[in-house]
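Residue numbering restarts at 1 for every chain, and letters A, B, ... go by the order of the sequence lines.
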Amino acid sequence: MIDKKVANVEEAIMDIKDGDTLMLGGFGLCGIPENCIAAIVQKRIKNLICISNNAGVDDFGIGLMLHQKQVKKMISSYVGENAEFERQLLSGELDVELIPQGTLAFRCMAAGYGMPAIYTPAGIGTEVAIGKEIRNFNGKDYLLENAFDANFAIVKAWKGDTAGNLIFKATSRNFNSVMAMAGKITIAEVEELVEPGVLDPNQIHTPGVYVHRIFQGSHYEKRIEKKTITV
Amino acid sequence: MIDKKVANVEEAIMDIKDGDTLMLGGFGLCGIPENCIAAIVQKRIKNLICISNNAGVDDFGIGLMLHQKQVKKMISSYVGENAEFERQLLSGELDVELIPQGTLAFRCMAAGYGMPAIYTPAGIGTEVAIGKEIRNFNGKDYLLENAFDANFAIVKAWKGDTAGNLIFKATSRNFNSVMAMAGKITIAEVEELVEPGVLDPNQIHTPGVYVHRIFQGSHYEKRIEKKTITV
Amino acid sequence: MLDKEGIAKRIAQEIQNNSYVNLGIGIPTLVANYIPKHIHVCFQSENGLLGMGPFPKESEVDPDLINAGKQTITMLPGAAIFDSAMSFGMIHAQKIDLTILGAMEVSEMGDIANWKIPGKMVKGMGGAMDLVASAKNIIVAMQHVNKAGESKLLPSCTLPLTGIRCVKKIVTELAVLSVLPEGGFQLLERAPGVSVDTIKKATLGKLIIEGDIPEMAFN
Amino acid sequence: MLDKEGIAKRIAQEIQNNSYVNLGIGIPTLVANYIPKHIHVCFQSENGLLGMGPFPKESEVDPDLINAGKQTITMLPGAAIFDSAMSFGMIHAQKIDLTILGAMEVSEMGDIANWKIPGKMVKGMGGAMDLVASAKNIIVAMQHVNKAGESKLLPSCTLPLTGIRCVKKIVTELAVLSVLPEGGFQLLERAPGVSVDTIKKATLGKLIIEGDIPEMAFN
């Protein structure tokens, strides 16, 4: 097997530099790559373009990067729940491109599947369609949307092996597995890193060929955005 | 949960009729829907268009349907290993459309993902490209290939539950999971049918929403086409 | 006049047996509480889950298991997890039978605006544009008029659109209305104690009233 | 002159450490037997497997586990199973570093024909058109001349094409040749005991010979 293991988060992110485009997995705060985000914050890498469904909250997730003004542009489907984000956006410090959530997912998948672009009906008749190519198939209009082209995809998995195979838990899979396929370099942090042969080949969500670096993360906080319980 | 269980193979295929387009899962003889094929053979449904990576062998798999002249047209990537197929093709009784294997997979996936068409580089510069739209993205040419539109997808899984969730074993997953997403009606036969809650939601390969009918198959022969061993 | 729970309760009656349903944030989320026992329904959450169950007990809370509203949830027996691409794949392939979502405005052609107010901070469309572009059936749950007392059922939307010609039915605190393919809101039912006249005054778009309009029935 | 095993052995030297490789049917399959111990390689089988191992022992045979040549196989520790769409997805996304396959003809521009002979029963292209359309590096394993003694290294292919401008290197029983980006077969190595003249006679396409051509080295 080809060994993808790196020693730690510092080694994993060593060549991320100012101005890079990063995909960051997660939905809300669920399944976000906490260790990599912390290391990027600590390294103060600047002018990043971040492709991520959300932008974290004020003091967690991508919010930590925003707080340090490390992000030049966000490409997301939903960026609520973040006052600092709003301030930077209104002041012009931050650029944001809002795209439909499915389009976000498909543009990742297209990159991982070698498709240069895909057709989606999402956004037809709305401002999302402005300037984009529209094509009718079988009586229905679709937008042509290009595959993403990101320097790095940074994802968080539940289990992984040193061959780079990943397994995600419950809804923390979300964008993690589609982004894992889509980075020029894919970095995976996992809660549990095992030797090849431990994980069932039948249950792998992301085959190791898509993953370039893997390390065992630590101190996962897994903050819950909206804890809702049945009394 | 929504119950997809049907009593038996006869009920599962009750409304397949002459002239229908069927997708049939499997690669070679690996993971083919043996029970459904046997029932279609017994029912002598005619003039079928079959989308399947291969065409079986003389006396097994789709070869059994060919033997009875039930197939009008095959859409496949590779149809070797079948003398009766060759005879019917040369005599003009059977039509065949050969397409690249990846194109076959992507046209299924497109149907399951609501994409009207996809772009693939496979076939550029070859006779496969004749009459098709070619488009250049970032300096590379791609063919536009339409999503399949099949009346039925017929797949075979290892385990399934009555909610229609499917798990495939090893390389018998092949086209089964992509076709399962792609049929107007998807019929799944499984080696082991269990109640909802038995299968781990994290390990489902095909979510039940894609499956319309499921039943427990029997008497799987699982014939091996090329048994190859290390002495 | 209905409260939010009443709107949810009325919409729950619209859910067909053996259907896959996606519930938006807000009133639509409440609909799950009023599904009749004999109706089998499977809820999709577009962040990657089919078979969403009720909110967890304190001891069951799992940060790795949330819905599209970012609330902690549970899974029912027979649930399945998938990634965001497959989730929107099944939405676009019309495997989801019904989408219930909120709106700021709906036009008499079935256009919907529910994601952006010019001049205000825009949070994003999330999965709404995908859902309205593809769902076979879309029911909007909303107030009939906005806080300024202006009708939200309009000849055409004034706010940026989320999708076009997609809303099939609207349930408000005042009425149930269907959107006709040729345009117009057909009044189907009045909320308890609400007159046709009240609905007329609250509806700016073309309102079609044919015969007697029954009051909503709840059991 | 090399036999089939020799061709496979020579191609095995081309495999880089830490690479993902797809092996076609025939001679390419034999390459797996000659990978040096210190080279880490992961074999993809396009029917949905990364981490393909050797053929099974009799007791290990599993009809649900085959390669793209439909032979029973095994999985190595760290293997992963996926469906056909993802398999060709990773091929088209150029995650597979090297494809080794057979050919009927190769042109001096790197075009390849390996799937169809007019007038003969056509079995199909299988995954070959996908592989040659996308692989970063393609090595062809074939005989230098066909059974009629005609060169298979041509100015342009006469048989229906599988892909264009894609072959990077060719290993035959006579020689190792690279296909130059501007066209032409550059002779890199001679097989043991084979003269440059023999290779010249067997090559109909433009053959480029610069300096002394070394004999292949095997260890």
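Between B:M109 and A:M109, some side-chain heavy-atom pair lies under the 4.5 Å cut-off. Counting heavy atoms from C-beta outward, A:N202 and B:Q203 have side chains that stay 4.5 Å or more apart. No side-chain heavy atom of B:I118 sits under 4.5 Å from any side-chain heavy atom of A:Y119.
No more than 12 heavy atoms of other residues, nucleotides or ligands lie within 6.0 Å of NZ in A:K5, so this atom counts as exposed by the packing criterion. Environment of CG in B:D15: crowded, with over 12 heavy atoms of neighbouring residues, nucleotides or ligands closer than 6.0 Å. More than 12 non-hydrogen atoms from other residues, nucleotides or ligands lie less than 6.0 angstrom from CG of B:N136. The number of heavy atoms from other shown groups lying within 6.0 Å of NZ (A:K46) is above 12.
Only the side chain of B:Y142 comes within contact range of chain A, with at least one heavy atom under 4.5 Å from a heavy atom of that chain. Contacts of B:A117 with chain A are made by both backbone and side-chain atoms, with heavy-atom separations under 4.5 Å. For B:Y113, the parts sitting under 4.5 Å from any heavy atom of chain A are the backbone and the side chain alike.
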